[in-house]
Asker: 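Encoded as C-alpha cells, here's the structure I'll be asking about.
Order of appearance sets the numbers: ligands from 1, and atoms from 1 within every ligand.
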Amino acid sequence: MPMNGLLRALPSVHELLDEPEILELASLTSRDYARERLRSAIDELRSEILDNALDVEPESLAREALARATSGGGRARPSLRRVINATGVVLHTNLGRAPLSDRSIEAIVSVARGASNLEFDIETGTRGHRDAHCESMLVDLLGCEAAVVVNNNAAAVLLVLNTLARGGEVIVSRGELVEIGGSFRVPEVLERAGCTLREVGTTNRTYLADYERAITESTSLLLRVHPSNYRIVGFASRVAAGALAELGRRSQLPVVDDLGSGCLIDPAALGVGDEPRAQDVLADGVDIVTFSGDKLLGGPQCGVIAGRAEYVNRIRRNPLMRALRVDKMVYAGLGATLAAYVEGRAEQEVPSIRMLTASVESVRARAVAFAARLNAAAPEFGAEVLAGRSVPGAGSAPGLDLPTALVVLDHPSMPADELDARLRASEPPIVGRIEHDSVVIDLRTVRPDEEGELLEALLRLA
Ligand SMILES: *Cc1c(COP(=O)(O)O)cnc(C)c1O
C-alpha cells in the first residue's frame with residue numbers, strides 16, 4: 001500500500017472516540033486518559049507509515065489504533081520494568097544488580113504500605129534518628145565501632161572524603177585511580193569532594209615508601225581503592241591494607257579503603273577468589289571502609305561507611321548527609337539482608353549469593369531439563385547444552401568467572417541478533433547474550449520460577 005493511501009485512511013481521534021473499547025477504557029480510567037491513549041496510538045501509526053514501517057491494509061488501521069490504545073488493559077506503563085536476566089552476569093549493573101531476598105522484599109512492602117519508626121523512638125515515644133537503622137547489625141558483622149548508610153558507594157566515598165579531607169591532600173596509588181562504570185572516576189570524585197589528589201607509585205607497582213615520602217603538612221588522608229573492574233597481572237604490587245593502616249597511625253592520618261563490593265563471607269565459597277572481606281580489612285586497622293549494598297552483599301542499592309566512631313560521627317554531621325541519605329525502603333531491605341548474614345543464612349537466603357554458589361552440576365541439570373522441554377515443543381531452536389562461564393559482575397572479582405552450563409540456541413532461519421532482539425521484545429523482556437553467533441541462555445541468573453516464562457516466550461517465537 002503506498003504511503004499516501006495509508007495516511008489518508010488513518011482515522012482521527014474524534015472518529016474512534018465512541019468505539020466500545022474506548023468507552024470501556026474511559027469508564028475504567030477517565031475520558032481524558034482514554035483520548036490521550038488514542039491520540040498517541042494514532043501518532044505512533046502515523047510515524048510508522050511515514051517510516052514505511054507499517055504493514056497493514058488501510059481498512060485495518062482503525063482496529064490497529066484501537067488495539068494499541070487499549071493494549072496492556074489500557075494501563076499507563078512506567079518505563080522501569082522487570083526483565084529476565086539470562087546473561088549469566090549475576091550482579092548486572094545495567095539490569096539492576098542484586099535481586100533481593102523474599103525477606104527483604106517483605107520488609108520493604110511492610111514499611112512502604114504505611115507508617116514506620118523511621119525517625120521515631122518507639123520506647124520513649126520521642127524523635128529518633130534514621131541513621132541508627134542497620135547500624136547495630138553492621139557493627140556486629142564488621143566488628144567495628146560505627147556505621148552509616150548512604151545512597152550508594154559513590155556517595156559514601158564522596159561523603160567520607162569531603163568530611164575527612166576537604167581542603168587537604170589525599171594520597172592514592174597510581175594503580176588505583178580507577179574509573180567505575182563510566183561516571184565514577186576516583187580523581188574526579190576527589191576533586192568534587194574538595195580534595196587535592198596526590199598520586200604515588202606507578203601503574204603496576206606502589207610501595208609503602210612511596211606513600212611515606214609523599215606525606216607532608218597538607219596531607220589529610222590515605223586512600224586505598226579496590227581496582228574493581230580490572231586486574232593487573234604480572235609484575236604488580238599494591239600496599240596491603242594493614243601496612244597502610246600502620247603508616248596512617250604513625251602519621252596520625254585517617255586511612256580509608258573503598259572496597260567496592262563489600263564481601264562479608266568467605267570469598268572462596270563465592271568463587272570470587274581473593275576478594276577482601278570488609279571485616280578483615282577493618283581488623284587490619286583501616287579506619288574507614290566503604291562498599292556498595294547491592295554488589296556482593298546482595299541487598300538494595302546503598303553505600304555503607306563503617307569503621308571508627310570518631311570519623312563516622314563526623315561524617316554523620318556533614319550537611320551533605322541529608323542530601324545523600326536513604327529512605328525507609330532501603331533501610332528495610334538492607335536490614336533484612338543483613339539479618340540473613342547475622343543468622344549465618346546468607347548462602348541460603350540471599351539470591352545473588354545463591355546464584356554465585358550454585359554448583360555447575362546444578363546449573364547443568366536445570367539447563368539439560370530446560371533444553372529437553374524446549375526441544376520437545378520447538379525442535380527448530382536446536383537447543384544444546386554446552387559448558388561456558390558466568391561472571392559475578394558489578395566490578396566484583398575482576399578477571400574471575402565461574403564454570404556454568406549454557407543453553408545454546410541455533411534457529412535455522414532466525415539469525416542470533418534477530419532472536420536476541422525478539423527475546424528482548426517479549427513480555428517480560430528476556431536478556432541473554434550472543435556467543436559465536438548463537439543466542440545463549442545461562443540459567444544461573446534465572447530464578448527457577450522464571451523458567452516457565454522463558455520457555456513460553458521461546459515457544460511464542462517458534
Ligand atoms: C562499584 C564501586 C563504586 C561505586 O559504587 P556504587 O554503589 O555503584 O555507587 C565505587 N568504588 C568502587 C571501588 C566500586 O567498585
Asker: Show which atoms of ligand 1 fall inside a sub-4.0 Å distance from at least one heavy-atom site of G260.
Answerer: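 Listed by number with element: 12 (C), 13 (C), 14 (C), 15 (O).
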
Asker: What do you reckon, does E176 put a non-hydrogen atom under 4.0 Å from ligand 1?
Answerer: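 E176 does not count as a contact of ligand 1 under the 4.0 Å cut-off.
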
Asker: Against heavy atoms of F184, which atoms of ligand 1 measure under 4.0 Å?
Answerer: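 Result: 10 (C), 11 (N).
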
Asker: Looking at S292, which atoms of ligand 1 are within less than 4.0 Å of one of its heavy atoms?
Answerer: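 Under 4.0 Å from S292, ligand 1 has these atoms: 5 (O), 6 (P), 7 (O).
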
Asker: Assign the ring pair H411 / F381 to parallel, tilted or perpendicular, where the plane angle (0 to 90°) is split at 30° and 60°.
Answerer: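 Rings of H411 and F381: perpendicular, over 60°.
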
Asker: If you count the atoms of ligand 1 from 1 in the order shown, which ones are under 4.0 Å from a heavy atom of A154?
Answerer: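 Counting from 1, the qualifying ligand atoms are 4 (C), 5 (O), 6 (P), 9 (O).
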
Asker: Verify the distance criterion only: is there a donor paired with an acceptor across the side chains of S438 and D410 at less than 3.5 Å?
Answerer: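 On atom types as modelled, these side chains qualify, holding a pair under 3.5 Å.
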
Asker: Do the charged groups of E246 and R250 touch, with an N to O distance under 4.0 Å?
Answerer: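 Looking at E246 and R250, the cut-off is met.
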
Asker: Report, in ascending order of atom number, the atoms of ligand 1 lying under 4.0 Å from any heavy atom of R97.
Answerer: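 Numbered from 1, ligand 1 contributes 6 (P), 7 (O), 8 (O).
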
Asker: Can you sort out which atoms of ligand 1 are near D258, meaning under 4.0 Å from one of its heavy atoms?
Answerer: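 Those atoms are 10 (C), 11 (N), 12 (C), 13 (C).
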
Asker: Would you call K295 a ligand 1 contact, heavy-atom distance under 4.0 Å?
Answerer: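 It does, in that a heavy atom of K295 comes within the 4.0 Å cut-off of ligand 1.
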
Asker: Provide the number and element of each atom of ligand 1 under 4.0 Å from a heavy atom of H226.
Answerer: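 Ligand 1 atoms under the 4.0 Å threshold to H226: 13 (C).
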
Asker: So that I can tick it off, tell me whether R39 and D43 are bridged by a salt bridge, with the cut-off set at under 4.0 angstrom between side-chain N and carboxylate O.
Answerer: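 A salt bridge is absent here (no side-chain N lies under 4.0 Å from a carboxylate O).
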
Asker: Looking at E135 and R316, is any side-chain nitrogen of the basic one under 4.0 Å from a carboxylate oxygen of the acidic one?
Answerer: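 The answer is yes: the pair qualifies as a salt bridge.
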
Asker: Could you check whether any side-chain N or O of R345 sits under 3.5 Å from a backbone N or O of A339, counting only pairs where one atom can act as donor and the other as acceptor?
Answerer: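 No, because the side chain of R345 does not come within donor-acceptor range (under 3.5 Å) of the backbone of A339.
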
Asker: Do the side chain of R444 and the main chain of M355 share a donor and acceptor less than 3.5 angstrom apart?
Answerer: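 Yes, R444 side chain to M355 backbone: donor-acceptor pair under 3.5 Å.
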
Asker: Between L91, I180, L158, which one has a non-hydrogen atom sitting closest to atom 12 (C) of ligand 1?
Answerer: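 Result: the heavy atom closest to atom 12 (C) of ligand 1 is in I180.
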
